[in-house]
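Notes follow once the structure below has been shown.
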Protein chains: 2
Amino acid sequence: MTSTPPPPLPMVVPTQDLPARVRIHEVGARDGLQNEKRAVPTEVKAEFIHRLARSGLTTIEATSFVHPKWVPQLADAEDLFPLVQDIEGVHLPVLVPNARGLDRALALGAHRVAVFASATESFAKANLNRTVAESLAVFEPVVARAKEHRAHVRGYLSMCFGDPWEGPVPVHQVVSVAKALLDMGCDELSLGDTIGVATPGHVQTLLSELNEEGVPTNVIGVHFHDTYGQALANTLAALQHGVTTVDASAGGLGGCPYAKSATGNLATEDLVWMLRGLGIETGVDLGRLTDTSRWMAGHLGRPSPSRTVSALAQPPQEQ
Amino acid sequence: MTSTPPPPLPMVVPTQDLPARVRIHEVGARDGLQNEKRAVPTEVKAEFIHRLARSGLTTIEATSFVHPKWVPQLADAEDLFPLVQDIEGVHLPVLVPNARGLDRALALGAHRVAVFASATESFAKANLNRTVAESLAVFEPVVARAKEHRAHVRGYLSMCFGDPWEGPVPVHQVVSVAKALLDMGCDELSLGDTIGVATPGHVQTLLSELNEEGVPTNVIGVHFHDTYGQALANTLAALQHGVTTVDASAGGLGGCPYAKSATGNLATEDLVWMLRGLGIETGVDLGRLTDTSRWMAGHLGRPSPSRTVSALAQPPQEQ
């Protein structure tokens, strides 16, 4: 063989009964970096977000207005947000854990905020130091005030499939908290498989049950972790159910501290590879995104856990 | 929190329109170990296969009767096969590249053999140093002679989706070689995504086209590589089409030398996790299998690339 092999790309095979377009909710800058031991300089975070936007992502969660004592990695939210908030055509939601966090976000002109609830009592206690009911009571005025300011509100719902203390999570329990979040005014939900235990039938069962209880698919996003390698198969199951919002993290940044695996969030690149092959539009340039993840991996001092980032870093060898 | 968290396991959610049972064709001992730089001692290979059998796997590809010059890692086939061939209730197919390999396998009493064809001219040339037609002409008398000895014959078909030199592989090209393998007497096919580029719609399109051309689903196995993280999503797509034979490699052993990623075959553990969650029977004990992969990783001196093996190695942390 003498010719240089072409760069690998999936063959595009448009597939019936799947959405024509998917909106990727990129969480690397927030969910990813909040789990980094080493603090990332504010200007690097800003550059990361600008690069993600140039790769074609249109919803990029920027940071969290949580108390610096709890998440020191994101203590620079006030400095970071003004450096990115004016990127044209890009939504930049921020996490707000409580009224104080919302005030800080609104003061900077945030248009999109997110609250973070739990489907299980054990995780609510561990993560929020409240019962599920108490945490919902805290969020209710936060969501109301955000809506008064015409902010778009996302409701994260974690431990939707399994919980490290409680094991499998009953579907009705998830439906109950999901409905409470929507009832208080959340515009969309993100169903989190925080410890990565879900499988495709479980995903479709939860989505069907939500629909039956009056929650339409178009307000539902899915947020899978790849702890057991299931994230992309679960995403396929969600797409087959009609879900069009998928959370992912550039380069697979992030992890769940409750399941100490090397892997965390579904990698955006692995997701884009599949969506591209399925003929589903995302607007994302895979090469630019992979370059961005490699650049960030350089700053973090370790390789990306994304299979696609790793594979595209090494051009195929000739014989 | 004071109680010890339970070990994580997927919730079993039986799912409509999927097979009740899947036969896993375990390839770690052959496809996995043939890619290892370091030669594994024969007795370790035998112990590996016995452990895989004790974990509940019933089809374990044992070795390859290829010329030692080409695959020195498997040069001990004659010594290894007698150490494992009598495991009760377990099929132990072996790869035979040509008439000489078949003779060696039959002389030892092998009941199941496999030939290894390519869907593309470039890979046939690179791997077999023949055209596709020439390689099929070599296999024809091999398969005929195996059938005379009442051996079960599997036909591997590699590069079914993409090829590192040719890019996307036309579906009709795969169908043509698949039919030739069945026409010469192969009992089953294994459709290989050797460089891991396939996506779920591509998988279903190829399966549909094979059916339309008279190839029934019950003779088709799928063999996915996780180079771009797509292997399990592609497996789900194949299950949804009715496929009930899935190739996988314990601990994700193996890789494709033409796509130098850290990852190779679909990890059996990640597959078993999904199948268990879907309520699909495999007969495999996930804990025993994971222990076996960790034991083998110790011999190889590096961690398993399987997400599930990695996650189960680290019990969840208490808060």
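A note on names: the letters A, B, ... follow the listed sequences, proteins ahead of strands, and every chain is numbered from 1.
At a 4.5 Å heavy-atom cutoff, the contact between Gln240(A) and chain B is made by side-chain atoms alone. Of the two parts of Val12(A), neither the backbone nor the side chain holds a non-hydrogen atom closer than 4.5 Å to a non-hydrogen atom of chain B. Using a 4.5 Å cut-off between heavy atoms, Thr15(B) contacts chain A through its side chain alone, with no backbone atom that close. In this structure, chain B has heavy atoms under 4.5 Å from both the backbone and the side chain of Leu278(A). Looking at Glu269(B), neither its backbone nor its side chain comes within 4.5 Å of chain A, counting heavy atoms on both sides.
Remark: side-chain polar atoms of Ser249(A) are not paired, donor with acceptor, to backbone N or O of Ala267(A) under 3.5 angstrom. Formation of a donor-acceptor pair under 3.5 Å by the Ser135(B) side chain with backbone atoms of Val132(B) is found in this model.
Ionic pairing of Arg288(B) and Asp291(B) is not present here: no N-O contact between side-chain nitrogen and carboxylate oxygen is shorter than 4.0 angstrom. We find that Asp270(A) and Arg307(A) are not joined by a salt bridge, their nearest charged nitrogen and carboxylate oxygen being 4.0 Å or further apart.
The choice from Ser306(A), Pro10(A), Pro303(A), Pro200(A) that makes the most heavy-atom pairs within less than 4.5 Å of chain B is Pro200(A). Looking only at heavy-atom pairs under 4.5 Å with chain B, the residue among Ala231(A), Gly201(A), Gly196(A), Gly279(A) that has the most is Gly201(A). Per-residue heavy-atom pair counts under 4.5 Å with chain A were compared for Gln204(B), Met274(B), Arg276(B), and the maximum is reached by Met274(B).
A side-chain N or O of Asn265(A) and one of His223(A) form a donor-acceptor pair less than 3.5 Å apart.
Counting only heavy atoms from C-beta outward, the side chains of Thr227(B) and Asp193(B) never approach each other to under 4.5 Å.
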